[in-house]
Amino acid sequence: MRLLRQLELGFRDTDILSVVAGVGDPGAAVSPESFQAVYSKHQDVDLEEKARELLRTNGACRIAMEIRVEWNARLKTCAGRADYSCKLISLNPRLCDHGATEIDRTLRHEIAHLLAHFRAGHRRILPHGIEWQQACRDLGVADEERCHNLPFPVCERVRRYLYKCPNCQCEFPRVRRARRAVACLECCRAHNGGEFDARFRLRLVSIR
Ligand SMILES: [Zn+2]
Ligand SMILES: [Zn+2]
């Protein structure tokens, strides 16, 4: 029996996959399209050039040609995101408050995802597995942590509920208690084709 009627890619900015259990849920998310209409995005040609060069020097010429880097205000708590199919790296504009070093580190973290994917070909790999770790070393960020979430101090104050993915151990601070079943998007993508999977359902670990 299928209990969950609808899957929804809500809260994408925090890597959470949210599931609507019924019709008429008051918490139903606004469609991604309408968000995009509200929040601006813009391309960054300088960072794009840097990304292109890093990919080229690491033997990924084919994706170096296609790479795009953009600032996307839709990202909230996560610092960046890499989409291999679009060859697109999105960065959180709030990174600018953290200085050039943090921007560079995040850019390399995301490039490492693309590089690892490129090298793996059709073989499936874990988002922050050994292939990604190797790519990080090649890109000069050997000690990179796997979580994308930045410690944005303004936001952290109001995010009282701390959830954790039982699989990758990534933390998801939230303002409100989750009323719907929420799962780690990255793990659902890696192990269940992007569909909700109860194995990766987030667990509430603390309330402040
Ligand atoms: Zn990552
Ligand atoms: Zn996870």
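Order of listing sets the numbers, starting from 1, for every ligand and every atom in it. If you read the sequence from its start, that first residue is 1, and numbering goes on from there. Scope of the values below: all heavy atoms of this structure, side chains included, with no hydrogens, waters or symmetry mates.
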Practice item. Give a yes/no answer: is there an N/O/S atom of Cys165 under 2.8 Å from the Zn ion (ligand 2)? Key: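 For Cys165, the answer is yes, given that an N, O or S atom comes within less than 2.8 Å of the Zn ion (ligand 2).
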Practice item. Answer yes or no for Cys184: is there an N/O/S atom below the 2.8 Å cut-off from the Zn ion (ligand 2)? Key: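 Checking the Zn ion (ligand 2) against Cys184, an N, O or S atom does fall under 2.8 Å.
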Review point. Would the His109 and His113 ring centres measure less than 6.0 Å apart?
Key: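 Centroid distance His109-His113: below 6.0 Å, so yes.
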Review point. Is Asp46 paired with Lys50 through a side-chain N to carboxylate O contact shorter than 4.0 Å?
Key: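 Salt bridge absent between Lys50 and Asp46.
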Exercise for review: Could you pull out the atom name of the N/O/S atom in His113 that is nearest the Zn ion (ligand 1)?
Suggested key: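 Relative to the Zn ion (ligand 1), the closest nitrogen, oxygen or sulfur of His113 carries the name NE2.
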Exercise for review: To the nearest 0.5 Å, tell me how far Leu126 CG sits from Cys187 SG.
Suggested key: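 Rounded to the nearest 0.5 Å, the CG-SG separation comes out at 8.0 Å.
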Exercise for review: Taking atom CD1 of Ile207 as the centre, report whether more than 12 heavy atoms of other residues, nucleotides or ligands fall under 6.0 Å from it.
Suggested key: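 Yes, enclosed.
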